[in-house]
There are 2 protein chains.
Amino acid sequence: LLELVNISKRYKMGDIFINALDDISLTIESGEYLAIMGPSGSGKSTLMNIIGFLDVPDDGQYIFNNQDTIGLSEKELAYIRNRQVGFIFQTFNLLPRESAIENVQLPLIYSGIPRKKRLSRAAEVLDNVNLKDRMNHKPTELSGGERQRVAIARALVNDPNIILADEPTGNLDSKTGNEILTVIDNLNAQGRTILLVTHDQTIAEHANKKVFLKDGKIVDIK
Amino acid sequence: LLELVNISKRYKMGDIFINALDDISLTIESGEYLAIMGPSGSGKSTLMNIIGFLDVPDDGQYIFNNQDTIGLSEKELAYIRNRQVGFIFQTFNLLPRESAIENVQLPLIYSGIPRKKRLSRAAEVLDNVNLKDRMNHKPTELSGGERQRVAIARALVNDPNIILADEPTGNLDSKTGNEILTVIDNLNAQGRTILLVTHDQTIAEHANKKVFLKDGKIVDIK
Ligand SMILES: Nc1ncnc2c1ncn2[C@@H]1O[C@H](COP(=O)(O)OP(=O)(O)OP(=O)(O)O)[C@@H](O)[C@H]1O
Ligand SMILES: Nc1ncnc2c1ncn2[C@@H]1O[C@H](COP(=O)(O)OP(=O)(O)OP(=O)(O)O)[C@@H](O)[C@H]1O
Ligand SMILES: [Mg+2]
Ligand SMILES: [Mg+2]
C-alpha cells in the first residue's frame with residue numbers, strides 16, 4: 001500500500017542542518033497496525049506528516065497505492081489526503097472559533113456531503129467518544145482530553161482507510177484512553193491501516209508491528 | 001500554606017450551567033507532593049488554574065499563606081503568582097513568535113533580573129531538560145515533547161516555591177519523562193510544594209498524597 005524509499009527531511013537552522021528524517025525506508029501493507037516509537041525529537045511526527053501528505057521529503061520516494069506521490073501538486077495531494085487519511089494530530093489543530101461539532105464535520109465537506117447529513121454524522125462520532133454533552137463547546141471551553149477527543153472524532157468522521165494517530169491518548173485518563181484504543185482496534189479489525197505514534201509500551205502492544213526511531217533513523221522493527 | 005474552602009466554578013452554556021468545580025475543600029501544607037487525578041473533564045485543570053491564581057472561583061474562599069486571596073486585584077494576584085508559582089500548562093502556552101530561550105527567560109523579568117543574567121539562567125534550565133541544541137528554535141520548529149520541555153523549563157526558571165504541573169510528561173518518551181520526574185522529585189526534596197495532575201498511576205506514585213476528582217468534586221484522598 002505504502003512504500004517509503006530513502007526518505008530524508010532536513011531543516012536549516014543558521015549554518016547547520018537538522019536531519020529530522022535520515023534515509024528512512026519502510027513498507028506498510030494494507031491493513032497493518034503499526035506502532036511508531038522513539039525518543040522525543042526522533043522524527044516520529046515528521047514521518048507521520050510525510051506519510052499523511054502534509055509535508056514533502058527533501059530526498060527519496062513515496063509510493064502510495066502504486067502511484068509515485070513525489071511531484072504531485074498540492075491539489076492532488078490534498079485530494080488523496082481528504083479521501084484516504086484520517087489524522088489525529090499531536091497538537092490537535094482544532095479551529096479555535098468553531099464548536100466541536102463544526103470542527104468534526106469539516107472533512108465531510110470534501111466528500112460533497114450535504115450539511116444536514118454532515119452534522120448528524122459528526123454528532124454520531126462525537127457521541128462515540130463520549131462528547132455528546134460538549135458538541136457546542138469551542139476548544140477554549142473544553143478540557144485537554146475533550147479537545148483530544150474532538151481531534152479523534154474529526155479524524156474518523158469520513159471513515160478513512162488509513163488512520164494516522166500521533167499520541168492519541170496522551171491527555172486521557174486510562175479508562176477513556178482504553179475506550180479510544182478499542183475504537184482504533186476495531187477499525188483495524190475492519191481492515192483499515194493504522195499508524196500509531198506512542199511512547200507507551202502497553203499502547204504499542206495493540207499493534208502487530210513496532211518501528212523504533214532514533215535521531216531520524218529506523219533503528220529496529222519488531 | 002494553601003486552603004481552599006467550598007470552592008465552586010461554573011460555566012454558563014445557553015440555559016444550563018456546567019459545574020466545573022463543585023464545592024471543593026482542600027488544605028495543602030507547605031512542602032507537600034500531591035497528585036491530582038480523575039477522568040477527563042473532571043475539573044483538574046480548572047482546580048489548578050484557581051490554585052495558581054490564573055482564575056477566580058464563583059464561590060468559596062482561597063487562603064494563601066494566611067492571606068485571603070478572594071478580592072485581591074489582578075495586579076496583586078499577578079504579583080503572588082510571579083513570585084511564588086511555576087506553572088507547567090497542559091497545553092504549554094508558549095509564545096509562538098519567540099524562541100525557546102526567549103520564552104523561558106520571560107518569568108525572570110518580573111524579578112527585575114538583567115537580561116544577560118536572564119538568558120544565562122534560561123540556558124541553564126534548558127540544558128537541564130536536554131534542550132541545549134534547541135534553544136533558538138521557535139515552538140513551530142520543535143517537536144511536541146520539546147515544546148513540553150520548554151514549558152517545563154519556563155515554569156522552573158525562577159525557582160518557584162510552588163510547582164503546578166498539569167500532565168507534564170504526556171508528550172515524552174519514558175526515559176525523558178522519568179528525567180523530568182526526577183527533577184520534580186528533587187525540587188520537592190528541597191522543600192518545594194508540588195501539585196501534579198496525572199492520569200498515570202506510576203507517575204502518581206512519586207507523590208505522597210493523591211486527590212481524586214470526579215464531576216468537579218473530590219471523591220477520594222489517599
Ligand atoms: N470556558 C468553559 N466553558 C464551558 N465549559 C468549560 C470551560 N472550561 C472548561 N469547561 C468544562 O469544565 C469541565 C472541567 O474542565 P477541566 O479542564 O478542568 O477538566 P480536566 O479534569 O483538566 O480534564 P482533562 O483530563 O481532559 O484535561 C470540562 O467538562 C469542560 O468541558
Ligand atoms: N520546522 C523545524 N525547524 C527546525 N527543526 C525542526 C522543525 N520541525 C521539527 N524540527 C526538529 O526535528 C526533530 C524531529 O521532530 P519531530 O516532531 O518529528 O519529533 P518527534 O519524534 O515527533 O518528537 P516528540 O516525541 O517530542 O513529539 C526535532 O528534534 C525537532 O526539533
Ligand atoms: Mg511528535
Ligand atoms: Mg486538564
Side-chain angles (χ1 to χ4, degrees), chain A residues 11-14 16 18 20 37-46 48-49 89-92 94 99 129-131 133-149 166-167 169-180 197-202 204 212-214 216, chain B residues 11-14 16 18 20 37-46 48-49 89-92 94 99 129-131 133-149 166-167 169-180 197-202 204 212-214 216:
Chain A
Y11 295 106
K12 191 171 192 296
M13 296 294 291
I16 65 157
I18 289 171
M37 307 186 75
S40 174
S42 55
K44 306 179 295 296
S45 296
T46 305
M48 295 280 270
N49 287 340
F89 295 98
Q90 186 173 11
T91 46
F92 317 157
L94 301 177
S99 68
V129 295
N130 286 328
L131 284 180
D133 302 335
R134 295 287 184 268
M135 294 202 300
N136 298 316
H137 287 230
K138 295 189 175 64
T140 45
E141 298 167 333
L142 292 171
S143 77
E146 290 166 346
R147 287 177 210 176
Q148 188 156 41
R149 282 180 275 158
D166 199 342
E167 302 193 30
T169 59
N171 279 288
L172 301 172
D173 55 279
S174 32
K175 177 166 177 288
T176 314
N178 281 327
E179 287 168 11
I180 295 301
V197 172
T198 182
H199 49 252
D200 188 322
Q201 283 290 348
T202 48
F212 292 84
L213 293 185
K214 191 180 199 296
Chain B
Y11 295 106
K12 191 171 191 294
M13 295 295 290
I16 63 156
I18 289 172
M37 307 185 76
S40 173
S42 54
K44 307 180 295 296
S45 297
T46 305
M48 294 279 270
N49 287 340
F89 295 97
Q90 187 174 11
T91 46
F92 316 157
L94 301 177
S99 69
V129 294
N130 286 329
L131 284 180
D133 303 336
R134 295 287 184 269
M135 295 201 300
N136 298 316
H137 287 232
K138 296 189 176 61
T140 47
E141 297 167 334
L142 292 170
S143 78
E146 290 166 347
R147 287 178 209 175
Q148 187 155 40
R149 281 180 274 157
D166 199 343
E167 302 194 28
T169 60
N171 279 288
L172 301 172
D173 54 279
S174 31
K175 177 167 177 287
T176 315
N178 281 327
E179 287 166 11
I180 295 300
V197 171
T198 181
H199 48 253
D200 188 320
Q201 283 290 351
T202 47
F212 293 85
L213 293 185
K214 191 179 199 297

Quick check for you: among [options], which has the greatest number of heavy-atom pairs under 4.5 Å with chain B?
{"options": "A:D166, A:D173, A:I18, A:L142", "answer": "A:D173"}
{"options": "A:G177, A:S40, A:G145", "answer": "A:S40"}
{"options": "A:N130, A:T176, A:D200, A:L172", "answer": "A:L172"}

Is it the side chain or the backbone of [X] that comes within 4.5 Å of chain B heavy atoms, both, or neither?
{"X": "A:I16", "result": "neither"}
{"X": "A:S143", "result": "side chain"}
{"X": "A:Q148", "result": "neither"}
{"X": "A:S42", "result": "neither"}
{"X": "A:N136", "result": "backbone"}
{"X": "A:E167", "result": "side chain"}

Rounded distance (nearest 0.5 Å) linking atom CG of A:L94 with atom CD of A:E146: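 One gets 12.0 Å once the value is rounded to the nearest 0.5 Å.
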Do A:Q201 and A:M37 have side chains that get closer than 4.5 Å, going by heavy atoms?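 In short, these two side chains touch, coming nearer than 4.5 Å.
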Contact check, side chains of B:V197 and B:Q90, non-hydrogen atoms, under 4.5 Å: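 No, side chains not in contact.
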Could you check which of B:R147, B:H137, B:K44 has the highest count of heavy-atom pairs closer than 4.5 Å to chain A?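 Of the candidates given, the most pairs with chain A belong to B:H137.
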What residue in B:S45, B:P39, B:S174 has the most heavy-atom pairs under 4.5 Å with chain A?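 The candidate making the most pairs under 4.5 Å is B:P39.
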A:K12 NZ: over 12 foreign heavy atoms closer than 6.0 Å: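 Correct, the count exceeds 12.
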Kindly write out the residues that satisfy side chain to side chain donor-acceptor pair (under 3.5 Å) with B:T198, not counting sequence neighbours, or none if the list is empty.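 Applying side chain to side chain donor-acceptor pair (under 3.5 Å) to B:T198 gives none.
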The criterion is side chain to side chain donor-acceptor pair (under 3.5 Å); which residues satisfy it with A:T91, sequence neighbours excluded?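 Per chain and number, A:T91 pairs via side chain to side chain donor-acceptor pair (under 3.5 Å) with A:N93.
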So what's closer than 4.5 Å to chain A heavy atoms on B:T46: side chain, backbone, both or neither?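 Neither part.
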Determine the minimum heavy-atom distance between A:F92 and A:G144, stating which atoms define it.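 It is CE1-O, 3.7 Å.
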